[in-house]
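Only this structure's heavy atoms are used, side chains among them; waters, hydrogens and symmetry mates stay out. In this text, all values refer to a predicted model and were calculated from it rather than measured experimentally. Both ligands and their constituent atoms are indexed starting at 1 by order of listing.
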Amino acid sequence: MKAAVLHEVNKPLVIEDVSLQKPGPREVLIRTTVAGLCHSDLHFMEGLYPHPLPAVLGHESAGVVEQVGSDVTYVKPGDHVVTCLSVFCGTCDNCSTGRPVLAPTPR
Ligand SMILES: [Zn+2]
Ligand SMILES: [Zn+2]
């Protein structure tokens, strides 16, 4: 698949082919259809959040689940999903009204 790869801070991202491993026990492989780059990604690009390189940025995305790890029960292949760094339950009033960061019982 193609990805925008950060090889060096303060240098342009490089669009190139990357390969992926099978998902680990608690990981999900998603066929990404769209991904945004937010200000956190800009911090990685500017070296303000030191991180091992090369790295693929874009932690806010949407797509379809392709594979799940052996311990994953929340989603299955074919599910349409969005990614989010916040831990949330997905079922409470806060989650269903767009405020997942306020979920009282993350899982
Ligand atoms: Zn972000
Ligand atoms: Zn919730």
Side-chain angles (χ1 to χ4, degrees):
M1 69 175 231
K2 290 211 180 287
V5 181
L6 176 64
H7 286 277
E8 292 182 64
V9 297
N10 293 313
K11 298 281 176 141
L13 301 177
V14 179
I15 307 297
E16 60 188 49
D17 287 314
V18 298
S19 60
L20 300 174
Q21 300 174 338
K22 288 186 145 210
R26 299 186 64 184
E27 295 178 333
V28 175
L29 176 63
I30 299 169
R31 176 165 297 281
T32 301
T33 52
V34 294
L37 292 181
C38 73
H39 211 94
S40 298
D41 295 305
L42 183 59
H43 286 343
F44 289 109
M45 295 169 68
E46 294 174 336
L48 299 174
Y49 289 167
H51 189 275
L53 299 177
V56 176
L57 305 178
H59 54 274
E60 296 166 2
S61 63
V64 180
V65 174
E66 285 203 338
Q67 295 178 34
V68 298
S70 58
D71 293 345
V72 174
T73 58
Y74 184 64
V75 293
K76 62 186 181 312
D79 284 351
H80 291 238
V81 295
V82 295
T83 64
C84 177
L85 291 179
S86 304
V87 177
F88 61 98
C89 76
T91 58
C92 73
D93 287 345
N94 286 319
C95 288
S96 61
T97 55
R99 295 173 290 176
V101 72
L102 299 176
T105 54
R107 62 177 175 180

Fill in: Least distance between heavy atoms, V9 atom then L53 atom
N-CD1, 4.1 Å
Worksheet item: What protein N/O/S atoms lie closer than 2.8 Å to the Zn ion (ligand 1)?
Response: C38 SG, H59 NE2, E60 OE2
Worksheet item: Would you say N94's side chain and R99's backbone share a donor-acceptor pair under 3.5 angstrom?
Response: no
Fill in: Residue pair R26, D71: steps toward the salt bridge (Lys or Arg N to Asp or Glu O under 4.0 Å) verdict
CA-CA 5 Å; R26 299 186 64 184; D71 293 345; 5.7 Å; no
Discussion item. Within rounding of 10°, what is the angle whose vertex is the Zn ion (ligand 2) and whose arms end at SG of C95 and SG of C92?
Written reply: 120°
Worksheet entry | Minimum heavy-atom distance between V18 and A3, given as atom pair plus value | CG2-CB, 3.9 Å
Practice prompt. Examine distances only and state if a side-chain atom of D79 and a backbone atom of V65 form a donor-acceptor pair shorter than 3.5 Å.
Written response: no
Discussion item. I'd like to know if the side chain of T33 and the backbone of A62 have a donor-acceptor N/O pair within less than 3.5 Å.
Written reply: yes
